[in-house]
Amino acid sequence: MKLRKSEKSPTPLIFLAITVFMFLILIILKPEVFWSIINNSIKLLITILPSLLLVFLLLVITNYFITKKTIVKHFQGKHGWLTAIIFGMLSSGPIYMWYPLLSDLKDKGLSNGFIATFLYNRSIKLPILPLMVSYFGIVYVIVLTLVMALTSLLQGLIINKITGGKNEHSNSI
Amino acid sequence: MNKQRILDAIAKAGKALYMALPVMFGVVILVSISKVFIPSTVYASVFQNNLLDSFIGSSLGSILAGNPITSYIIGGELLNNGISLIAVTAFMVSWVTVGLIQLPAESVMLGKKFAIYRNISSFVLSIFVAILTVFIVGVIS
């Protein structure tokens, strides 16, 4: 599989290299903190890694069922707001990957409000919520997810109001 | 079930996690270093546990960017250091909803006015979401 330019970005590796370099400098200057940092890192990883397995499984499921084609098809239905919320939550990949599709849909009459709601819900990543649960608890995560989903509607309406986003074609999309 | 689609879905998921792992490991090391070198009194001096906390949390989350997983790890550690849940929530919500780094790309693709108003409203709404969420959780618990 050929990677796109953005997917080949070395930034994550550079970030890790800088962090490891910082760690090495610190243990040279203060060797007594070595085990404290290692112990803290192991504790954190033990908290995170089991959730990542579930995250992987959920990512596979959403990748299988949700494609760009599915999203376009449902935006063209009657329930635009609901589509924006649900597919915003289920869509995967970096946000900039979706700009061309959204730009195209906008040209075809999709309102700014729908786009804002879709983008807001992209911040709710259902597959990685298990990790959030491990830190904050199930009640908090459910409440936050629901509040964010409702707030996304509010933002959609605000953006429509400010930008006059609902154009004459948007009823059909 | 289409076998090729399943393999594609697995490959895509694997790639997404593979891309996130270096940053995640980097953040784990940074958080561990900060735990050793930054006493919790420093956090307490920045966050005073009042409404201003949510504003500070949102501002920090807006400037910083990255995978939501990273914000959960940092948020969890901030909470362990005694930072209020409102501030931590505002931080995590603005981290994922405000995209200052993507703003130029968003402006080009979706319009300057749209991008600016979306990001400003996301910032304001992150404070609203934080306060409302913590209030509801408080009532339920």
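In the text below, chain A, chain B and the rest are named by the order of the sequence lines, each starting its count at 1. Just so it is clear, the values below take in all heavy atoms, side chains as well, and ignore hydrogens, waters and symmetry mates.
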Exercise. What part of B:Ser71 gets closer than 4.5 Å to chain A, counting heavy atoms only: side chain, backbone, both or neither?
Worked result: neither

Exercise. Considering all heavy atoms of both residues, which atom of B:Val129 and which atom of A:Met148 are nearest to each other, and what is their separation?
Worked result: CG1-CG, 3.8 Å

Problem set entry | Pairwise side-chain contact, A:Leu45 with B:Phe25, heavy-atom cut-off 4.5 Å (strictly under) | yes

Exercise. Hey, which of B:Gly26, B:Gly76, B:Ser32 has the most heavy atom pairs under 4.5 Å with chain A?
Worked result: B:Ser32

Exercise. Would A:Leu144 and B:Val93 count as a side chain to side chain contact (heavy atoms under 4.5 Å, CB included) if you check the C-alpha gap in whole Å, the side-chain angles of each, and the deciding distance to 0.1 Å?
Worked result: CA-CA 9 Å; A:Leu144 178 64; B:Val93 173; 3.9 Å; yes

For this session: Establish whether A:Trp35 and A:Leu24 are linked, either directly or via other cluster members, by ILVMFWY side-chain heavy-atom contacts under 4.5 Å.
Result: yes

Problem set entry | ring-ring contact (aromatic ring centres under 6.0 Å, His included) partners of residues 73-94 of chain B, not counting sequence neighbours, each pair once | B:Phe91-B:Trp95

Exercise. Can you find a pair of side-chain heavy atoms, one from B:Ser122 and one from A:Tyr120, that are under 4.5 Å apart?
Worked result: yes

Exercise. Just by distance, do the side chain of B:Arg5 and the backbone of A:Tyr64 share a donor-acceptor pair under 3.5 Å?
Worked result: yes

For this session: Give a yes or no on this: more than 12 heavy atoms of other residues, nucleotides or ligands lie within 6.0 Å of atom CZ of B:Phe55.
Result: no

Exercise. In terms of hydrophobic clusters joined by side-chain contacts under 4.5 Å, are A:Phe56 and A:Leu49 together?
Worked result: yes

Exercise. Counting only N and O atoms by type, is there a donor-acceptor contact under 3.5 Å from the side chain of A:Ser123 to the main-chain atoms of B:Val96?
Worked result: no

Problem set entry | Part of A:Leu102 within contact of chain B (heavy atom distance under 4.5 Å) | both

Seminar exercise, completed: So, the part of A:Ile128 with a heavy atom under 4.5 Å from chain B: the answer is both

Exercise. Is A:Gln155 reaching over with its side chain to a backbone N or O of B:Leu125, donor-acceptor style, under 3.5 angstrom?
Worked result: no

Seminar exercise, completed: dist A:Leu26:CG -> B:Ile33:CD1 (nearest 0.5 Å) comes out at 5.0 Å

Exercise. Do B:Thr97 and A:Arg122 come close enough that some side-chain heavy atom pair is under 4.5 Å?
Worked result: no

Problem set entry | Interatomic spacing from CE in B:Met92 to CZ in A:Phe136 - rounded to 0.5 Å | 3.5 Å

Exercise. By a 4.5 Å heavy-atom criterion (distance strictly below it), what part of A:Lys30 contacts chain B: side chain, backbone, both, or neither?
Worked result: side chain

For this session: For atom CZ of B:Phe114, decide whether the heavy atoms of other residues, nucleotides or ligands shown that lie under 6.0 angstrom number more than 12.
Result: yes

Problem set entry | Region of A:Ile115 in contact with chain B, defined by heavy-atom distances below 4.5 Å | both

Exercise. Hey, does the side chain of A:Ser103 reach the backbone of B:Met109 with a donor-acceptor pair shorter than 3.5 angstrom?
Worked result: yes

Seminar exercise, completed: Looking only at A:Val139, A:Asn40, A:Asn121, the option with the highest number of non-hydrogen pairs under 4.5 Å against chain B is A:Asn40

Problem set entry | Min side-chain heavy-atom separation A:Asn112-B:Tyr117 under 4.5 Å | no

Problem set entry | Which of B:Val36, B:Leu110, B:Val88 touches chain A most, by non-hydrogen pairs under 4.5 Å | B:Leu110

Exercise. Between A:Ile124, A:Thr151, A:Leu154, A:Leu150, which residue shows the highest count of heavy-atom pairs closer than 4.5 Å to chain B?
Worked result: A:Thr151

For this session: Would you check if A:Val133 and B:Tyr72 make a side-chain contact, meaning some heavy-atom pair closer than 4.5 Å?
Result: no

Seminar exercise, completed: dist B:Arg118:CZ -> A:Ile158:CD1 (nearest 0.5 Å) comes out at 13.0 Å

Exercise. Among B:Ile29, B:Leu21, B:Val27, B:Asn80, who wins on heavy-atom pairs under 4.5 Å with chain A?
Worked result: B:Ile29

Exercise. Does one hydrophobic cluster hold both A:Phe65 and A:Leu129, with members joined at side-chain heavy-atom distances below 4.5 Å?
Worked result: yes

Problem set entry | Stepwise side chain to side chain contact (heavy atoms under 4.5 Å, CB included) check, B:Lys12 with A:Leu59 | CA-CA 8 Å; B:Lys12 204 175 163 193; A:Leu59 277 173; over 6 Å; no

Problem set entry | Atom pair OG/CD1 of B:Ser121 and A:Ile162 - distance to nearest 0.5 Å | 6.5 Å

For this session: Spell out the residues in residues 134-141 of chain B that have some non-hydrogen atom less than 4.5 Å away from a non-hydrogen atom of chain A, in order of number; otherwise answer 'none'.
Result: B:Ile136, B:Val137, B:Ile140

Problem set entry | Among the listed options A:Ser41, A:Ala17, A:Ser36, the residue most often paired with chain B at heavy-atom distances under 4.5 Å | A:Ser41

Exercise. Which atoms of A:Tyr140 come close to chain B, meaning under 4.5 Å heavy atom to heavy atom: side chain ones, backbone ones, both, or neither?
Worked result: both

Problem set entry | Worked check of side chain to side chain contact (heavy atoms under 4.5 Å, CB included) between A:Asn63 and B:Asp8 | CA-CA 8 Å; A:Asn63 286 338; B:Asp8 286 346; over 6 Å; no

For this session: Give a yes or no on whether A:Trp81 and A:Leu110 share a hydrophobic cluster (residues Ile, Leu, Val, Met, Phe, Trp, Tyr; joining criterion: side-chain heavy atoms under 4.5 Å apart).
Result: yes

Exercise. Under a 4.5 Å side-chain heavy-atom rule over Ile, Leu, Val, Met, Phe, Trp and Tyr, are B:Leu7 and A:Leu57 clustered together?
Worked result: no

